Amino acid sequence: MSPYPSTLLMSFALLGSSAASTVSPQAQRVCDDIHSAAPSRLVYAPSSSKASLNSPYLAELYTNTTATYWDAANDADVPACAFFPSCSEDVSAAIIALGKEPGVPFALKSGGHNWNRGFSSTDGGVLISFRPNLQSTKLAMDGLTANIGPGARWVEVMQELDKSNKCAVGGRSGDVGVGGYVVQGGISYLTSQYVRQHLLIAAPAADTDLLIKGFSCDNVVEYEMVTANGTILSVNNHTHPDIFSALCGGGKSPDLRLIYQILTPVWGGGRTYGSEQLDKLNAAIAEFISGNQDPSAAIILDYVFVALNQTNQITVAYFYNGPTLRSDVFANFLAIPYLGADGITTQRYPELLDTKVTSALGLRTSNVFNSLPNMPSEKMRSFLDWHWNNASNAPFVSSRQTNGLELFSMALQPIPVALQRASAAQGPSALSLDPNHGDKLWIEYDAGWANIAGDGVLPQQLKAVADDALAYQKETYKGVEPTHYVSGDLSVVPYNPLFMNDAQYTQDVLKSYGPSTYDKLWFLHRLLDPENFFTSRQNGFFFKTPPGGMTMPRHDWRAT
C-alpha cells in the first residue's frame with residue numbers, strides 16, 4: 001500500500017491463493033532467527049515441527065490473529081509463524097531476518113480491515129501483527145499530541161483520549177485499525193474542520209492555538225519508521241520533509257503522533273430509508289456537497305442491496321461536531337421520511353464510533369473506488385439516479401445465488417472544496433488535492449459473498465459497475481464543470497486522485513496522484529529501497545511503471 005514501502009514498518013502482504021501445506025526451509029530459518037531475538041513474541045504455525053515451543057497464550061493469539069479479518073478469504077492463509085512486536089527494535093529485527101532469506105514473503109497487520117485479499121495476510125510467510133503489543137494510546141507530555149500504536153483500533157483510541165476530553169482526527173468506523181488507515185489518507189468526520197481551537201494547557205501563559213484540519217495523515221506530527229536494512233528513523237517535517245509529505249497517501253508506521261481537538265458530546269447516528277426516497281436523497285446529497293458552509297457537519301450516504309430479503313435501502317450516517325445542530329445543514333435530509341427507529345442522538349464521540357455493524361467478518365469481500373465531479377444539482381441528481389438503478393440491476397446482483405452474494409453497497413462520500421482546502425493548508429502530500437478542481441464525490445463500491453466460487457468473478461464484476469459509471473459520466477456530461485470549479489483539465493482532475501483506503505488492488509492509485517507526485521515517489525522509492533526488498537516480497541499499491549512508462553520487471557504473486 002506504500003509508494004515506497006521499503007521505508008515503512010507496515011507494508012502490505014502478497015496475495016495467497018491457498019493454505020500452505022509445508023513451510024519452506026527459508027521461511028523456517030527466518031522464523032527461527034526472529035524467535036532467537038524475541039522468543040516471547042514469536043509463535044510457530046500449529047503444523048510446524050517447532051509448535052511445541054509455543055506457549056498456550058501465543059498459540060491462542062496465533063489462532064485469533066489469523067482468523068480475524070474483514071475479508072474472510074484471508075482466514076485460509078497460514079503463516080509459517082506470527083510475530084507480535086512490542087517496539088521498533090523488534091520490527092527492525094524481523095526486517096533484518098527477512099533480508100537474509102530472499103523470497104520469503106511477509107505481511108503486516110494492523111486492524112486487518114483492508115478489503116483486498118492478502119494485503120494483511122500471508123500464506124507460508126511471516127505475519128507481523130501490531131496487535132496486541134503495539135495498540136496503546138498515550139497522551140503526550142506536551143499536552144498537544146497523542147502517541148498512538150499502529151495496532152490500535154479507532155474506538156480504542158477515542159475511548160482513551162475521551163478520558164481527557166480529547167479526540168484524534170481518525171476513523172469513522174471504530175473497528176478500523178490505525179496504521180493502514182492513517183498513511184493511506186484517512187478520511188474522518190472531522191476532515192472538513194478548518195478551525196483554530198483554543199487550548200488551555202496548564203496556565204494562561206501557556207495558551208496555545210491549534211489548527212485541526214484535513215485527512216488523518218494531514219494531522220500526523222511524526223512517524224517512526226523502519227527502512228529495508230532495519231534502520232529506525234523518526235520522520236517529521238524537519239528531519240525528512242520529502243518522506244514525511246509523501247507518507248500522506250501511502251505507507252505505514254508503528255508509532256503515530258496525531259493532533260487532537262477538544263470535543264463536547266456530538267450529534268449523530270444513522271437513519272435508514274426506503275428505495276422510494278432515492279431521488280430525494282440524491283438531490284439532498286448534491287446540494288450538500290456544493291452548498292454546505294458548515295465544517296462541523298459530515299455525512300455518508302450508502303446505497304445497500306441486502307440479499308437476505310432482496311431489498312434495496314439507503315442508510316445515511318450523520319455527524320455534527322456539537323451536541324445540537326447549529327445550522328440547517330441537514331434540513332433537506334431530515335425532512336425525508338425514514339424507516340424504523342431513529343438512530344440519531346447526542347452522545348460521546350467514542351459511542352458514535354462503537355457500532356456493531358462495522359464488521360464484515362464471515363464474508364469474502366472486494367471493493368472499488370471512483371472519484372467523480374459533483375455537478376450542478378439537477379445533473380448530479382439525474383446521474384446518481386441512473387447510477388444506482390444501473391448498479392442494482394448488474395449481472396452479479398441478479399445472479400446473486402450463483403456466487404452467494406450477500407451484500408452490495410455504494411458509499412457516497414462528499415469531498416467539497418472546503419475539505420480539500422483544509423487538507424491542502426497543511427502542506428503538500430501524496431494525495432495532491434487541489435481545491436481549484438472543484439467539488440468531488442467519492443464512491444466506495446463494496447461486495448460481500450459467501451461462496452469461494454465468487455472469488456474469481458465478483459471482484460471483476462464489481463469493478464465493471466464502477467467502470468460503467470465512470471464511462472457514462474464522462475460521456476453524458478462531458479465538459480460540465482464541477483461545482484466551485486476554478487481551473488484544471490476537465491478530462492483529468494475531477495476523476496483523481498484515487499483514494500487508497502477504498503481502492504481495489506487492480507487500480508493504479510499512485511498514478512492518480514499526478515505525474516509530478518508519481519515521479520517524486522518513484523525516486524524516493526529507488527533511493528530508499530534500491531533492491532526492491534519490500535516490493536518483491538509483497539503485493540499492494542506499488543509502482544507499475546517507472547517515470548517514462550517503461551514496464552517494471554516484477555513478479556506478480558497473484559499469478560502463482
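As the structure is a computational prediction, the values presented were derived from the model and not from experiment. For the numbers below, each heavy atom of this structure counts, side chains included, while hydrogens, waters and symmetry mates do not.
Put simply, the side chain of Ser88 does not reach to within 4.5 Å of the side chain of Val91, judged on heavy atoms. Between Thr227 and Asp529 there is no side-chain heavy-atom pair separated by less than 4.5 Å. Phe106 is not listed as a side-chain neighbour of Thr122, based on a closest heavy-atom distance of 4.5 Å or more. Between Ser366 and Trp115, the closest side-chain pair of non-hydrogen atoms is not below 4.5 Å.
We find the CD-CG distance between Glu531 and Asn229 to be 11.0 Å, quoted to the nearest 0.5 Å. To the nearest 0.5 Å, atoms SG (Cys217) and CD1 (Ile187) are separated by 11.0 Å. The distance from atom OG of Ser173 to atom CG of Leu353, rounded to the nearest 0.5 Å, is 8.0 Å. A distance of 6.5 Å separates CG of Leu431 from CZ of Phe499, quoted to the nearest 0.5 Å. Distance CZ/Phe215 to CG/Leu433: 5.0 Å, rounded to 0.5 Å. Taken from CH2 in Trp442 to OG in Ser371, the straight-line distance is 6.5 Å, to the nearest 0.5 Å.
Across every non-hydrogen atom of Trp449 and Ala447, the tightest pair is CZ3-O, 3.6 Å.
Proximity of a side-chain donor or acceptor of Asn54 to a complementary backbone N or O of Leu58 within less than 3.5 Å is not detected. Between the side chain of Arg153 and the main chain of Gly111, a donor-acceptor pair closer than 3.5 Å is present. Listed for the Thr68 side chain is a donor-acceptor partner under 3.5 Å among the backbone atoms of Asn64. A donor-acceptor contact shorter than 3.5 Å links the side chain of Tyr181 to the backbone of Gly170. With hydrogens and angles disregarded, no donor-acceptor distance shorter than 3.5 Å links the side chain of Tyr505 to the backbone of Phe119. A donor-acceptor contact shorter than 3.5 Å is absent between the side chain of Thr65 and the backbone of Tyr62. Side-chain N or O atoms of Asn236 include none that pairs as donor or acceptor with a backbone N or O of Val221 at under 3.5 Å. With hydrogens and angles ignored, the 3.5 Å screen pairs a side-chain donor or acceptor of Gln420 with a backbone N or O of Ile415. Within the 3.5 Å criterion, the main-chain N or O of Phe369 finds a donor-acceptor partner in the side chain of Gln507. Looking only at distances, a side-chain donor or acceptor of Thr239 sits under 3.5 Å from a matching main-chain atom of Ser234.
Stacking of Lys520 on the aromatic ring of Tyr513 is not recorded, the 6.0 Å distance cut-off and the 45° axial limit not both being met.
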Practice task
Report the C-alpha distance between Leu458 and Arg364 in whole Å, list the side-chain angles of each, state the deciding distance to 0.1 Å, and finish with yes or no for side chain to side chain contact (heavy atoms under 4.5 Å, CB included).
Solution key: CA-CA 10 Å; Leu458 288 178; Arg364 311 171 84 83; over 6 Å; no
Practice task
List the steps, then state whether side chain to side chain contact (heavy atoms under 4.5 Å, CB included) holds for Ile300 with Tyr189.
Solution key: CA-CA 9 Å; Ile300 308 170; Tyr189 282 130; 4.3 Å; yes
Handout entry: Stepwise side chain to side chain contact (heavy atoms under 4.5 Å, CB included) check, Val178 with Phe130
Key = CA-CA 10 Å; Val178 168; Phe130 295 101; over 6 Å; no
Practice task
Kindly determine whether Leu441 and Leu412 satisfy side chain to side chain contact (heavy atoms under 4.5 Å, CB included), including the steps that lead there.
Solution key: CA-CA 7 Å; Leu441 178 66; Leu412 277 59; 4.0 Å; yes
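Counting non-hydrogen atoms of other residues, nucleotides and ligands closer than 6.0 Å to CG of Leu53 gives a total above 12. When the shell of 6.0 Å around CD of Glu60 is examined, it contains 12 or fewer heavy atoms from other residues, nucleotides or ligands.
Of the listed residues (Asn219, Asp434, Asp218), just one forms a side chain to side chain donor-acceptor pair (under 3.5 Å) with Ser423, and that residue is Asp218. If you run side chain to side chain contact (heavy atoms under 4.5 Å, CB included) between Phe543 and each of Thr535, Asn532, Leu521, Asp508, only Leu521 comes through.
When only modelled atom types and interatomic distance are considered, Gln473 and Asn370 share no side-chain donor-acceptor pair under 3.5 Å.
Residue pairs meeting the disulfide bond (SG atoms under 2.5 Å apart) criterion with at least one partner in residues 86-126, sequence neighbours excluded, are absent.
Ring pair His525/Trp522 is tilted by interplanar angle, where 30° to 60° counts as tilted.
Legend: residues meeting side-chain contact (heavy atoms from CB on, under 4.5 Å) with Ala27, ordered by chain and number and at least two apart, are Val23, Ser24, Ala80, Val104.
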